[in-house]
2 protein chains.
Amino acid sequence: MLRLSKLTDYAVVVLVRLDAGLELQTSPGIAAAIGVPEPTVAKVLKSLSAGGLVTSLRGARGGYRLARALEDIPVGEVIAAMDGPIALAACVDGSATECESLALCPVRGRWDPVNDAIQRALSAISLADMREAAIPAVFRVPHTAELGRSDASRQ
Amino acid sequence: MLRLSKLTDYAVVVLVRLDAGLELQTSPGIAAAIGVPEPTVAKVLKSLSAGGLVTSLRGARGGYRLARALEDIPVGEVIAAMDGPIALAACVDGSATECESLALCPVRGRWDPVNDAIQRALSAISLADMREAAIPAVFRVPHTAELGRSDASRQ
DNA sequence: ACATAACCGGACCGTCGCAGTCCTGATTAG
DNA sequence: CTAATCAGGACTGCGACGGTCCGGTTATGT
């Protein structure tokens, strides 16, 4: 239950990887570093960029960079960037129609306190708290050693 | 975005309705009272019964009853009964294979603190806290008035 | 100026879980 | 025995999600 999308999980891995000390990292480079297909990583980075969690530099020698320190990124914000606004209900979006009839809809505002509680819980945990386990041992070894390998070797 | 299943929302409405003071209520009766199709209500009640939130009496003159007071039912338990164990990850089930390779899987134990926080948040809110808004005004009036609508019309 | 590398913003499709319904038993009151 | 009710499935249509790909834009470096 509360199925967190797999993309969101990747997002955490990607963000932690972005904290590896380098100034700028490319999408293919990150993909190689964390062992996730490049198109998927690209998609994650796009969402994160749209959510303001990373800043991007276009063009050759471009790449991504953390917009803030991991300590200042609550996990709730990552989820919001990937899966949309955090809300625990079936019809919470600000859709105009309001389930056709506001009075009839049994799903109304009731979950607000629950949502607030979850929001608070997710705001209290930062990515720094999840950092340690974020990059599995297998991928933690090739750090700054040679990370432009699998993409640089393609030319 | 943490989509809560619609069934879970119905579950809250049903549970609140079960608190209406009657000793025993049948599935069709509840359906008529809250304005939700009978088969759906039946499904919800089955799940709730399996989760130990309501007790059932089979046979003629049977029905459902709250297993505990609303104050003693945290919303997290309702969610767990309807949507399975509360866990915020893609692969958290106790599946044997563990994503094929435990070492490789980037999704491992990292979300535990987050899950714990959510679990705590959901345990702190009881159904009594959600009672007021649970049954919309429209359905709060016709208590036992004219509920022979959709259940009497079938067969 | 040109080629290259990288991001951007979509469209696209297969898969899977969910909502909702229905059917066939098992159980109990009258 | 009969009727009412719960129990536990099977089944189906739909929509969201994971994952991939493509054309376009921007910037670097020669």
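Chain naming here is simple, since letters A, B, ... match the order of the sequence lines and numbering starts at 1 in each.
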Donor-acceptor contacts, no H, no angles, side chain residues 40-50 of chain A, under 3.5 Å, sequence neighbours left out:
{"unit_1": "A:Ser47", "atom_1": "OG", "unit_2": "A:Lys43", "atom_2": "O", "d": "3.3"}

Exercise. Between D:dG29, D:dC6, C:dC7, which nucleotide has the shortest distance from any of its atoms to the side chain of A:Thr26?
Worked result: C:dC7

Exercise. Taking protein heavy atoms under 4.0 Å as touching, what does nucleotides 18-26 of chain C look like 5' to 3' if B marks base contact, S marks sugar-phosphate-only contact and - marks none?
Worked result: -SBB---BB

Problem set entry | Phosphate OP1/OP2 of D:dA7: any B:Ser56 side-chain N/O under 4.0 Å | yes

For this session: Would you indicate whether the side-chain heavy atoms of A:Arg131 and A:Asp19 approach each other to under 4.5 Å?
Result: yes

For this session: Tell me whether the OP1 or OP2 atom of D:dA7 has a side-chain N or O from B:Ser49 closer than 4.0 Å.
Result: yes

Run the side-chain donor-acceptor check on residues 22-35 of chain B: report pairs under 3.5 Å with partners two or more places apart or on a different chain.
{"unit_1": "B:Gln25", "atom_1": "OE1", "unit_2": "B:Arg17", "atom_2": "NE", "d": "3.2"}
{"unit_1": "B:Gln25", "atom_1": "NE2", "unit_2": "B:Arg17", "atom_2": "O", "d": "3.1"}
{"unit_1": "B:Thr26", "atom_1": "OG1", "unit_2": "B:Gly29", "atom_2": "N", "d": "3.1"}
{"unit_1": "B:Ser27", "atom_1": "OG", "unit_2": "B:Glu38", "atom_2": "OE2", "d": "3.0"}

Problem set entry | Whole-Å gap separating P (C:dC7) and CG (A:Leu48) | 13 Å

For this session: Send over the distance from A:Leu24 CG to D:dT28 C1', rounded to a whole Å.
Result: 13 Å

For this session: Starting from P on D:dT28, measure out to CG on A:Leu57 and report it in whole angstrom.
Result: 8 Å

For this session: Report yes if some heavy atom in the side chain of B:Lys6 is under 4.5 Å from a heavy atom in the side chain of B:Met82; otherwise report no.
Result: no

For this session: Answer whether the closest heavy-atom distance between the side chains of A:Met130 and B:Trp111 falls below 4.5 Å.
Result: yes

For this session: With the side chain of B:Ala60 defined as its heavy atoms from C-beta on, choose the nearest nucleotide among D:dA7, C:dA29, C:dC7.
Result: C:dA29

For this session: First locate atom CG of A:Asp129, then atom CD of A:Glu71, and finally report the distance between them rounded to the nearest 0.5 Å.
Result: 8.5 Å

